[in-house]
Amino acid sequence: MVGTAVGAVLEGIRGALVTVEADVGRGLPQFHIVGLPDSAVNESKLRIRSAIRQCGLEFPNQRITVNLSPASVRKRGAGLDLAIAVAILRAAGVLPGSETPLGFAAELSLSGALVAVPEAVNLAIALAAEGIEHLVVARAQAVTCVPVPNLTWHLYSHLADLIRDLRAGGGPRRPYPPPPIPAGDSEVSLDDVLGQEAVKRALVIAAAGHHHILLVGPPGCGKTMLAERLHTLLPDLSPADALEVHAIHLAGGSRQPTLRPPLRMPHHSVGQAGLIGGGSPPAPGEVTLAHRGVLVLDEMLEFRRAALEALREPLVHGAVHLTRAGRSVTYPAAFLLVGTLNPCPCGQSGFGTCTCPQAAVQRYWSHLSGPLLDRIDMVIPVLPEHGRAVLPAGPRASVLRQAVVTARDALAHRPADAATRTRPADFTLAAHRRLQLAAERLPLSQRGRQAIARLARTLSALDGADAVDARHIDEAIAHRTTGLPQGR
Ligand SMILES: [Zn+2]
């Protein structure tokens with residue numbers, strides 16, 4: 001007789017549904033698991049045999065074959081223990097088949113206790129996407145459960161309790177509604193930075209229109225502190241987006257569930273695999289861990305050139321394609337980039353007395369390739385605040401954040417493409433002409449022209465204007481280029 005049960009395994013950052021089939025039949029007592037199991041799955045035989053006996057049940061003294069499908073997915077870890085045990089008990093006639101779409105994700109101890117699996121949320125998301133409405137996990141899993149749409153968690157401490165409920169019919173009966181993902185709070189604020197109103201305005205533009213930004217300034221000007229605070233301007237994520245981000249972080253490390261967008265700040269010694277992702281199975285890199293949040297690259301030119309070049313794909317597409325051992329996966333990587341750098345090796349070019357030979361400055365900047373620089377919408381100079389005339393205090397961080405939210409709402413109702421040769425509906429004739437003129441006079445790539453148009457659109461939204469005017473084009477051109485040294 002054949003019994004089945006549904007489980008899931010983690011593949012990279014996503015869960016994959018696994019159907020467990022158990023065949024219990026005549027023959028010498030044997031227990032085989034087929035379908036690409038790893039050693040942890042193979043060891044589950046010992047745990048399952050012991051756990052079933054601990055429930056006071058006879059372990060079938062027959063030939064048992066367990067098949068895990070699809071066979072193409074490598075089954076890692078012990079999270080299939082419970083699904084395999086249920087499939088065997090169904091095959092042996094101990095448990096009825098399930099009428100409700102039901103999945104299992106737990107390890108079993110020798111005593112029959114259910115043990116939590118770290119990636120349960122990822123598995124739950126995958127199972128819910130396949131129409132599985134109920135998922136049985138260990139009671140200890142409660143602290144890690146978050147709400148997953150169209151899925152009910154059921155918490156059990158021991159296999160015996162689950163067997164009793166399933167035998168009674170009607171499926172599991174220990175539903176657990178987890179608390180919603182908490183809003184969370186940022187520990188830092190732009191209010192921590194005195195002055196620097198022009199840079200703060202640039203960060204508001206970056207956050208409102210999702211414009212990648214470079215902050216260029218001499219050492220000690222505060223550019224790192226400003227860069228670290230860009231993410232505080234981003235609004236909270238929707239619960240669905242927060243769930244997606246949370247699952248990525250469960251697979252790639254850990255992070256408490258929160259509605260706040262992620263902030264990643266890798267050290268410049270990070271390699272290409274660490275930044276972009278890689279390994280087998282492919283682990284998410286910093287760009288994926290920063291998905292829907294901010295990636296800060298402090299002292300950007302200290303990063304390896306190959307790693308920086310590999311940013312080009314996610315900067316444009318919001319995703320990375322990783323290929324390893326013939327398998328390719330696509331991971332989300334829609335982050336907002338903020339990089340900081342000194343203007344030259346001595347750090348003073350354009351700000352103080354630069355002692356670098358011109359060739360050294362050019363070599364320094366050549367570390368950032370033209371195509372990469374082309375994908376960064378704003379290059380903003382950061383002047384040291386000390387020694388400058390004290391300006392009246394600018395708007396508070398909370399006001400800036402509200403401006404971002406308002407502009408984002410306005411932009412959501414604008415047409416998407418601003419870079420066409422014909423005039424977009426929300427561009428005035430003057431703005432359109434100014435952009436065409438700029439494209440003729442400046443060394444602008446097609447991408448550069450698009451960036452200026454998008455930037456101008458964000459500026460008009462922040463202005464509360466319905467249309468892009470010529471002054472928005474001028475301001476956009478200034479934001480794109482003023483932080484660059486001569487000749488770039
Ligand atoms: Zn210098």
Side-chain angles (χ1 to χ4, degrees), residues 192-203 205-206 211-230 265-272 275 294-312 315 337-391 442-445 448 451-452 455 475-488:
D192 306 338
V193 184
L194 293 176
Q196 299 292 12
E197 302 308 331
V199 185
K200 288 179 183 175
R201 156 107 174 136
L203 294 177
I205 298 164
H211 300 288
H212 305 304
I213 181 170
L214 282 189
L215 303 181
V216 183
C221 66
K223 56 189 186 291
T224 303
M225 213 174 155
L226 286 156
E228 284 172 342
R229 283 158 177 76
L230 171 57
M265 206 168 162
H267 188 258
H268 58 71
S269 62
V270 69
Q272 189 177 333
L275 190 61
V294 173
L295 180 68
V296 179
L297 297 185
D298 195 26
E299 300 299 346
M300 196 163 166
L301 295 190
E302 303 284 326
F303 285 72
R304 285 170 217 178
R305 192 180 158 111
L308 291 179
E309 282 303 296
L311 286 173
R312 280 160 56 178
L315 281 177
L337 174 70
V338 51
T340 75
L341 57 150
N342 291 337
C344 66
C346 86
Q348 297 302 327
S349 175
F351 297 91
T353 311
C354 172
T355 55
C356 310
Q358 187 58 35
V361 179
Q362 278 179 356
R363 197 164 52 241
Y364 177 79
W365 273 87
S366 69
H367 203 69
L368 280 186
S369 74
L372 176 61
L373 204 51
D374 213 21
R375 287 161 168 78
I376 295 171
D377 290 354
M378 288 195 286
V379 184
I380 302 297
V382 185
L383 278 74
E385 193 64 28
H386 59 81
R388 279 204 273 155
V390 179
L391 296 168
L442 299 171
L444 271 188
S445 64
I452 286 169
L455 203 47
E475 194 186 347
I477 293 171
H479 284 315
R480 192 167 161 83
T481 52
T482 46
L484 289 172
Q486 301 271 313
R488 282 295 298 207

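Each residue takes its place number in the sequence, starting with 1. Both counts, for ligands and for their atoms, begin at 1 and track the order of listing. Computation of the quantities below employed the complete heavy-atom set of this structure, encompassing side-chain atoms and omitting hydrogens, waters and symmetry-equivalent molecules.
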- Taking every non-hydrogen atom, the tightest pair across Ala227 and Leu215: N-CD1, 4.0 Å
- Query: Does Ser366 offer a backbone N or O that forms a donor-acceptor pair with the side chain of Arg305 under 3.5 Å?
  - Reply: yes
- Gly217 backbone acceptor or donor facing Lys223 side chain under 3.5 Å: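 Side chain of Lys223 to backbone of Gly217, a donor-acceptor pair under 3.5 Å: yes, one is there.
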- Is there a side-chain contact between Pro266 and Leu297 (heavy atoms, below 4.5 Å)?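 Yes, at least one pair of side-chain atoms sits under 4.5 Å.
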- Taking side chain as C-beta onward, heavy atoms only, is Val379 less than 4.5 Å from Arg480?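 Answer no - side chains too far apart.
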- Message: Name the residue from Ile205, Leu226, Leu230 that meets the side chain to side chain contact (heavy atoms under 4.5 Å, CB included) definition with Lys200.
- Response: Leu226
- Under 2.8 Å from the Zn ion (ligand 1), protein N/O/S atom count?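 Number of qualifying protein atoms: 4.
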